[in-house]
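Single-structure report; data block below.
Note that the structure is a prediction, hence the values are computed from the model and not measured.
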Amino acid sequence: PVTIKAEPTISLTTDSVTVMEGDTLDEARLKTFIRSSFGTVTINPTSVDTGVLGTTTVTYTASAEGFDDVTATLTVTVLPQPAELTKTTVAKSGENFNLPAAMTHTGSLTYEETGFVYGALQNPPLTLSDGKVTTRTAVNNAGATLAATIQKEDLVYGITYYARAYAKADDGTVFYGEHRQGFGAGMRSA
């Protein structure tokens, strides 16, 4: 019997891929970028930490006994998730109103001010509102909570108000969350 040895080969479907922060890029997904191969294939690293923004390289190596290894490289770029704030809830506390929300994603921005804007409009912006309350310090971490209180005396009796979280970046960009329910002084429920 004659033994035929074949050289290792590896080909990828692409040489670069862009993923979003928090996406899964484990070994199973990295294998999907292999178009064809011969020999034993190893992937290094076997997964990409998509919690770290920026560019990293994944090396695919095909090996076969008696031959030099063959490699292919995949460049992975991890982009930040867009900035996102959760819906604002309103909880009545005595005569005042507590407003909690959370920053789901920062969008890789630095915020100089975070808080809540409120008004009779259902989605009040900072430029057209009845007022705002800020958090003690600007929230700059994904998963962090924004909290503030609107005092009863800052509201007009009988008016339905809507509040939503906002985050103002150091470049002046403002992001808003959604409002959840109306509230106000003299209303039956918060």
Side-chain angles (χ1 to χ4, degrees), residues 1-89 99-117 123 125-126 135 137-147 164-180:
V2 176
T3 303
I4 299 174
K5 293 184 178 181
E7 288 188 58
T9 62
I10 189 154
S11 173
L12 302 180
T13 59
T14 183
D15 60 357
S16 66
V17 64
T18 301
V19 296
M20 297 300 288
E21 174 184 23
D23 284 352
T24 300
L25 205 51
D26 57 9
E27 186 172 13
R29 181 143 181 235
L30 288 171
K31 286 180 179 179
T32 66
F33 297 107
I34 299 173
R35 175 179 294 141
S36 63
S37 65
F38 180 80
T40 304
V41 175
T42 57
I43 302 171
N44 187 27
T46 56
S47 65
V48 174
D49 181 359
T50 59
V52 178
L53 303 179
T55 303
T56 189
T57 302
V58 177
T59 303
Y60 296 79
T61 304
S63 304
E65 187 179 332
F67 294 96
D68 291 336
D69 292 349
V70 177
T71 62
T73 302
L74 176 70
T75 301
V76 178
T77 303
V78 180
L79 298 177
Q81 290 281 358
E84 181 181 8
L85 296 164
T86 62
K87 285 185 177 181
T88 298
T89 56
L99 306 173
M103 182 168 293
T104 308
H105 302 288
T106 66
S108 261
L109 297 171
T110 302
Y111 298 99
E112 64 181 23
E113 180 179 295
T114 54
F116 299 86
V117 59
N123 289 301
L126 285 169
T135 56
T137 58
V139 174
N140 276 290
N141 297 317
T145 301
L146 287 75
R164 61 183 180 156
Y166 75 90
K168 184 177 180 183
D170 55 7
D171 68 358
T173 304
V174 179
F175 295 94
Y176 297 97
E178 294 179 50
H179 75 278
R180 185 172 299 262

Atom [atom1] of [X] and atom [atom2] of [Y]: how far apart are they, to the nearest 0.5 Å?
{"X": "I34", "Y": "L12", "atom1": "CD1", "atom2": "CG", "answer": "7.0 Å"}
{"X": "F33", "Y": "S16", "atom1": "CZ", "atom2": "OG", "answer": "9.5 Å"}
{"X": "H105", "Y": "N141", "atom1": "NE2", "atom2": "CG", "answer": "13.5 Å"}
{"X": "K87", "Y": "T89", "atom1": "NZ", "atom2": "OG1", "answer": "11.0 Å"}
{"X": "L25", "Y": "M20", "atom1": "CG", "atom2": "CE", "answer": "13.5 Å"}

Show the nearest heavy-atom pair for residues [X] and [Y], with the distance to one decimal.
{"X": "F38", "Y": "A62", "value": "O-CB, 3.7 Å"}
{"X": "F116", "Y": "P100", "value": "CZ-C, 4.0 Å"}
{"X": "P8", "Y": "V70", "value": "O-CG2, 3.3 Å"}
{"X": "T14", "Y": "L74", "value": "O-CD1, 3.7 Å"}
{"X": "A165", "Y": "L146", "value": "CB-CD2, 4.2 Å"}
{"X": "L85", "Y": "A167", "value": "CD1-N, 3.8 Å"}

Distance-only criterion, 3.5 Å: show the donor-acceptor pairs between side-chain atoms of residues 170-179 and protein atoms not counting sequence neighbours.
from	atom 1	to	atom 2	distance (Å)
D171	OD1	T173	N	2.9
D171	OD1	T173	OG1	2.8
D171	OD2	T173	OG1	3.3
Y176	OH	L126	N	2.9
H179	ND1	Q122	O	2.8
H179	ND1	N123	OD1	3.1

Evaluate the side-chain proximity of [Y] to [X]: yes if any heavy-atom separation is below 4.5 Å, no if none is.
{"X": "T75", "Y": "D15", "result": "no"}
{"X": "T46", "Y": "D26", "result": "no"}
{"X": "I10", "Y": "T61", "result": "no"}
{"X": "R164", "Y": "V117", "result": "yes"}

Spell out, as yes or no, whether a donor-acceptor pair under 3.5 Å connects the side chain of [X] to the backbone of [Y].
{"X": "Q81", "Y": "E21", "result": "yes"}
{"X": "Y111", "Y": "T106", "result": "yes"}
{"X": "S108", "Y": "P80", "result": "no"}
{"X": "T32", "Y": "R29", "result": "yes"}
{"X": "D69", "Y": "S63", "result": "no"}

**Report entry** Residue that, paired with P45, satisfies side chain to side chain contact (heavy atoms under 4.5 Å, CB included) out of V58, T56, T57
**Finding:**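 Among the candidates, only V58 passes.
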
Query raised in the report: Among side-chain atoms of T135 and T114, is any donor-acceptor pair under 3.5 angstrom?
Result: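 Short answer, yes.
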
